[in-house]
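What you see is a predicted model, and the numbers here were worked out from it, not measured in a lab. Below, all heavy atoms of this structure are taken into account, side chains as well, without hydrogens, waters or symmetry copies.
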Amino acid sequence: MKPLLHNTWLKIIILICAVTSISFSSTSSNKIEPIHLDDIHFIVTDEEEAVAFFTKHFGGREMAHPGERFDLVRFISLKWQGPTITITPIGPYADLPPERNQRWLDAEIIVPKSEKTKPVYGAKWLAISTSSLDKSRSELLAAGVEISENDVSLPLEPKTPAFSIYGPDGFEIIIVERPEYDFGDAKYAIDHIQFLVKDVHATQEQVEKVFAAKQLESQPETVGLMVADAKLILSEPKALGINPKDVSSRLAKGTIRTGLDHLGFLYEDVKSAANEAEKNGYSPIFQPQKYIYKGKPTVYTFSAFKLPEDFNIEMVQADGRVGPHSYYMDQCNLKEKP
């Protein structure tokens, strides 16, 4: 009986070690992979107008700030538990120190609407889902929203109905029909973000190694990626019918562009995620650090990485939160939505 008992205990110990190893691996993976697309960040010339654009036309609701409210950002959610559209006005900002405001004092501001015919590398458009394209088109037109193209061919979904409008400061927004999608009590939801890139493979490799992207599908010069709960589409100019010679750099010396400025993904542990990215050969623009506001540390720790197209994607950690924003500003008692 003793050898049998010994073998039984040996099997139990091996099983425990295996389960522990899987559990540890899963925990480590969670710490270095993004949880949620937390921030689709726009810089705009008119903050109130931009907030009204998303709340009036797309049913967005403003989300509360964790801790002390930041005067320079507004969080808008189109669908409960969805990504947040963050609105920031052009600087300088009264609550930031002079050295952080200097970039605004020295820069020329470029507004996308002034460059309708000039494509730029980086975020090309924000796509928003609707259950009925015809109904959305009629409502937006009646509300005075300017339609830029009545029929848009999506790079990986040419048969999916879509049209485009001018968003805040003329930034391109695509409305995509998704009749099968569960909108819950919302009318619209974030669908995807389209990027115009110089080299699909180089950008894809970085997004996979830094942000744990998973490939969905690909075609020549275009690839679809899933990063946490967000769909990103990378396309070279020719895939969008654009001559590469006509595309300019997103960054020009002494300029700042309004429009979709950067994305931010939420993490459990930004330091671990940034360290893993460096092991894979990608260095952050700055090392993980607490965000300081009005001279005090906030709940946010963040770092950022620059794509080849000079577009920044941030890693964000928010103390006490490992999921989407949970409180609406218009709920006076700020209780969580059931």
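Remark: K79 does not engage D182 in a salt bridge, criterion side-chain N to carboxylate O under 4.0 Å. Ion pairing of E157 with R178 is present here, as a side-chain N (NZ or NE/NH1/NH2) and a carboxylate O approach within less than 4.0 Å. Note on E309 versus K198: no salt bridge recorded, every NZ/NE/NH1/NH2 to OD/OE distance being 4.0 Å or above. A salt bridge is defined here as a Lys NZ or Arg NE, NH1 or NH2 lying under 4.0 Å from an Asp or Glu carboxylate O, and R257 with D310 fails to meet this definition.
Between the side chains of H41 and T88, at least one donor-acceptor pair of N or O atoms lies under 3.5 Å. Looking at Q194 and S235, their side chains do bring a donor and an acceptor atom within 3.5 Å of each other. Side-chain contact check for Q317 and E268: no donor-acceptor pair (N or O, by modelled atom type) lies under 3.5 Å. In summary, the side chains of Y188 and S136 do present a donor paired with an acceptor at a separation below 3.5 Å, with no hydrogens or angles considered. Side-chain N/O atoms of D95 and Y293 include a donor and acceptor closer than 3.5 Å.
Note that CD1 of I242 and CG of L196 are 5.0 Å apart. Values are rounded to the nearest 0.5 Å. Distance check, rounded to the nearest 0.5 Å: CD1 of I90 to CG of D169 gives 6.5 Å. Remark: T301 OG1 to Q289 CD distance equals 9.0 Å, nearest 0.5 Å. Here the CD1 atom belonging to I85 is positioned 5.5 Å from the CG atom belonging to L126, to the nearest 0.5 angstrom. Atom-to-atom distance recorded for H57:NE2 and L78:CG is 12.5 Å, nearest 0.5 angstrom. Taking OG1 of T203 as the reference point, atom CG of L232 lies at 11.0 Å (rounded to 0.5 Å).
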Does W125 form a side chain to side chain contact (heavy atoms under 4.5 Å, CB included) with I193? I'd like the steps, not just the answer. CA-CA 6 Å; W125 67 58; I193 297 141; over 6 Å; no
Apply salt bridge (charged side-chain N to carboxylate O under 4.0 Å, His left out) to E172 and K124, showing your working. CA-CA 7 Å; E172 189 173 16; K124 180 71 169 63; 2.7 Å; yes
Stepwise, does the salt bridge (charged side-chain N to carboxylate O under 4.0 Å, His left out) test hold for R137 with E177? CA-CA 11 Å; R137 195 195 320 266; E177 188 169 63; over 6 Å; no
Can H325 and E62 be said to form a side chain to side chain contact (heavy atoms under 4.5 Å, CB included), step by step? CA-CA 10 Å; H325 288 264; E62 191 162 359; over 6 Å; no
Run T258 and V44 through side chain to side chain contact (heavy atoms under 4.5 Å, CB included) and show every step you take. CA-CA 5 Å; T258 64; V44 300; 5.7 Å; no
Check step by step if side chain to side chain contact (heavy atoms under 4.5 Å, CB included) holds for I128 and D191. CA-CA 5 Å; I128 295 176; D191 192 83; 5.7 Å; no
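Using a 4.5 Å heavy-atom cutoff, the side chains of V51 and F53 are not in contact. With a 4.5 Å cut-off on side-chain heavy atoms, L263 and I40 count as touching. Residues L225 and K231 have side chains not in contact (no heavy-atom distance under 4.5 Å, counting atoms from C-beta outward). Side-chain contact between V247 and V120: absent, with no pair of heavy atoms (C-beta onward) separated by less than 4.5 Å. Annotation: side chain of V197 is in contact with side chain of E236 (closest heavy-atom distance under 4.5 Å). Using a 4.5 Å heavy-atom cutoff, the side chains of I32 and D269 are not in contact. At a threshold of 4.5 Å between non-hydrogen side-chain atoms, the residues M329 and R69 count as touching. Residues K294 and D71 meet the side-chain proximity criterion, which asks for heavy atoms closer than 4.5 Å.
In K290, the NZ atom is crowded: over 12 heavy atoms of neighbouring residues, nucleotides or ligands sit closer than 6.0 Å. When the shell of 6.0 Å around NZ of K135 is examined, it contains 12 or fewer heavy atoms from other residues, nucleotides or ligands. Applying the 6.0 Å contact sphere to NZ of K271 captures no more than 12 heavy atoms from other residues, nucleotides or ligands. Residue-environment remark: CD (E49) stays at or below the threshold of 12 foreign heavy atoms within 6.0 Å.
Under a 3.5 Å cut-off, the side chain of K214 and the backbone N or O of A212 do form a donor-acceptor pair. The backbone N or O of F286 sits less than 3.5 Å from a side-chain atom of S303, completing a donor-acceptor pair. Between the side chain of D38 and the backbone N or O of P324, no donor-acceptor pair lies under 3.5 Å. T84 places no side-chain N or O within 3.5 Å of a backbone atom of T86 that could act as its donor or acceptor partner. Judged by distance alone, the side chain of N101 and the main-chain N or O of P92 form no donor-acceptor pair under 3.5 Å. Judged purely by atom type and a 3.5 angstrom limit, D229 has no side-chain atom pairing as donor or acceptor with the backbone of I35. Panel note: side chain S283, backbone E278; no donor-acceptor pair is recorded below 3.5 Å.
Follow the hydrophobic side-chain contacts under 4.5 Å out from F302 and you reach I285 in the same cluster. When hydrophobic clusters are built by joining Ile, Leu, Val, Met, Phe, Trp and Tyr residues whose side-chain heavy atoms come closer than 4.5 Å, directly or via intermediates, F163 is grouped together with V145. Using a 4.5 Å cut-off between side-chain heavy atoms of Ile, Leu, Val, Met, Phe, Trp and Tyr, with links allowed through other members, Y291 and V73 fall into the same hydrophobic cluster. Taken together through direct or relayed side-chain contacts under 4.5 Å among Ile, Leu, Val, Met, Phe, Trp and Tyr, F171 and I174 form parts of separate hydrophobic clusters. Hydrophobic cluster membership differs between L156 and V176, with clusters built from Ile, Leu, Val, Met, Phe, Trp and Tyr side chains linked at under 4.5 angstrom.
For the pair T298 and D319, the tightest heavy-atom approach, listed with the atom from each and the gap, is O-OD2, 4.4 Å. Across all non-hydrogen atoms, the minimal contact from T130 to F183 is C-CZ, 3.5 Å. The two residues E314 and D39 make their nearest non-hydrogen contact at OE1-OD2, 4.5 Å. Closest approach of G122 and R250 over heavy atoms only: CA-CD, 4.5 Å. Listed here is the closest heavy atom pair of V200 and E221: CG2-O, 3.2 Å. Between A230 and L37, the shortest heavy-atom distance links the atoms CB-CD2, 3.5 Å.
With ring centers used as reference points, F195 lies under 6.0 Å from F311. Aromatic rings of F70 and Y93 (six-membered ring for Trp) have centroids beyond the 6.0 Å cut-off, not under it. Annotation: F265 is not in aromatic contact with Y267 [ring centroid separation under 6.0 Å not met].
Using bins of under 30°, 30° to 60° and over 60° for the plane-to-plane angle, the ring pair F42/F54 lands in the tilted bin. Classification of the H65-F75 ring pair by plane angle, with boundaries at 30° and 60°, yields tilted.
With a 6.0 Å cutoff to the six-membered ring centre and a 45° limit on the axis angle, R61 counts as a cation-pi contact of Y328.
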